[in-house]
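For the numbers below, each heavy atom of this structure counts, side chains included, while hydrogens, waters and symmetry mates do not.
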Amino acid sequence: GLNTWKELNGISAVKMERNGQQKSIMQSRTFAYMETEKKELQRYIESFVSVCCEKLREQKSVCSNIIVFINTNRHRDDLPQYSNDVCVRLEKPTADTLLITKFAYQGLDAIFKQGYQYKRAGVVLTNITDSTSVQLDLFTYTNDEKKRNLMKNIDAINSKYGKNMIHLAV
């Protein structure tokens, strides 16, 4: 009863701890105009991946699954309807925007169908783990340090001068 009284009077009685690591990170958008071209959807996907990866690096995490989804306008009964998603599993968890974008494009290629007018698309990064707990492969040479520095510098420039100031050329 005392804890309830404290809470009702604005005194915090229950300690709330927030875990800094999200279980998934999603970025999606409903488009102003319906899109029919894969190149346009790729531009959106690249932008979504960029935002998601920035959040991923912000919390010092990596992901090993990428979900890409596209939808037509479900409110337009006069148009053909299509909705699909795909989950792409990465060999090694990463927060590298270039690599995740590459696999997101592969996912888009797998689900994109010509002849539909798409109204919405999105990217979800899942299976997120702490970047310090990644199991390294003994036989594969990687230049992860260079990639981390590149991503750090891109994040710093975008933070200082505005979102998507530096982005991938699609």
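Thr101 and Glu46 share no side-chain donor-acceptor pair at under 3.5 Å.
The CZ atom of Arg74 sits 9.5 Å away from the OG atom of Ser83 when rounded to the nearest 0.5 Å. A distance of 5.0 Å separates SG of Cys87 from CD1 of Ile67, quoted to the nearest 0.5 Å. From Leu41, atom CG reaches atom OH of Tyr105 across 11.0 Å, with rounding to the nearest 0.5 Å. Between the CD atom in Gln114 and the OG1 atom in Thr36 there is a gap of 7.0 Å [rounded to 0.5 Å]. Atoms CD1 and CZ, from Ile66 and Arg89 in turn, are 11.0 Å apart once rounded to the nearest 0.5 Å. Taken from CD in Gln22 to NZ in Lys55, the straight-line distance is 7.0 Å, to the nearest 0.5 Å.
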(request) Go through Lys113 and Ile70 one step at a time and tell me if the side-chain contact (heavy atoms from CB on, under 4.5 Å) criterion holds. (result) CA-CA 10 Å; Lys113 286 189 177 181; Ile70 52 176; over 6 Å; no
(request) Using the side-chain contact (heavy atoms from CB on, under 4.5 Å) rule, take Gln117 and Thr72 through it: C-alpha gap first, then chi angles, then the decisive distance, then the call. (result) CA-CA 6 Å; Gln117 295 182 9; Thr72 55; 5.7 Å; no
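Judged purely by atom type and a 3.5 angstrom limit, Asp96 uses its side chain to pair as donor or acceptor with the backbone of Leu98. Within the 3.5 Å criterion, the main-chain N or O of Ser28 finds no donor-acceptor partner in the side chain of Arg120. Not a single donor-acceptor pair under 3.5 Å links the side chain of Gln27 to the backbone N or O of Gly122. In terms of modelled atom types and a separation under 3.5 Å, the side chain of Lys119 and the main chain of Ala32 share a donor-acceptor contact.
Clustering ILVMFWY residues whenever any of their side-chain heavy atoms sit less than 4.5 angstrom apart, transitively, puts Phe31 in the very cluster that holds Phe112. Both Ile100 and Ile128 are members of a single hydrophobic cluster when ILVMFWY side chains are connected at heavy-atom separations under 4.5 Å. Placement of Val88 and Phe69 in two distinct hydrophobic clusters is found when ILVMFWY residues are connected by side-chain heavy-atom separations under 4.5 Å, directly or transitively. Each of Met26 and Leu56 belongs to its own hydrophobic cluster when Ile, Leu, Val, Met, Phe, Trp and Tyr are linked at side-chain heavy-atom distances under 4.5 angstrom.
Every residue two or more places apart in sequence or in another chain that forms a salt bridge (Lys or Arg N to Asp or Glu O under 4.0 Å) with Arg76 is listed here: Asp78.
Minimum interatomic distance between Val124 and Ser24 (heavy atoms only, all atoms of both residues): CG1-CB, 4.2 Å. Closest approach of Ile45 and Ala121 over heavy atoms only: CD1-CB, 4.3 Å. Taking both residues in full, the closest heavy atoms of Pro93 and Val62 are given as CB-CG2, 3.5 Å, listed atom of the first, atom of the second, then distance. The shortest heavy-atom contact between Cys53 and Leu125 is N-CD1, 4.1 Å.
Counting heavy atoms from C-beta outward, Val68 and Phe48 have side chains that stay 4.5 Å or more apart. You'll find the side chain of Leu108 reaches within 4.5 Å of the side chain of Lys38, heavy atoms only. Side-chain contact between Lys102 and Val49 is absent, with no heavy-atom pair separated by less than 4.5 Å. Contact annotation: the side chain of Thr126 never approaches that of Lys23 to less than 4.5 Å [non-hydrogen atoms, C-beta and beyond].
Residue Met34 shares its hydrophobic cluster (ILVMFWY side chains chained together at separations under 4.5 Å) with Leu79.
Aromatic ring pairs are classed by plane angle as parallel below 30°, tilted from 30° to 60° and perpendicular above 60°; the pair Tyr118 and Tyr82 is perpendicular.
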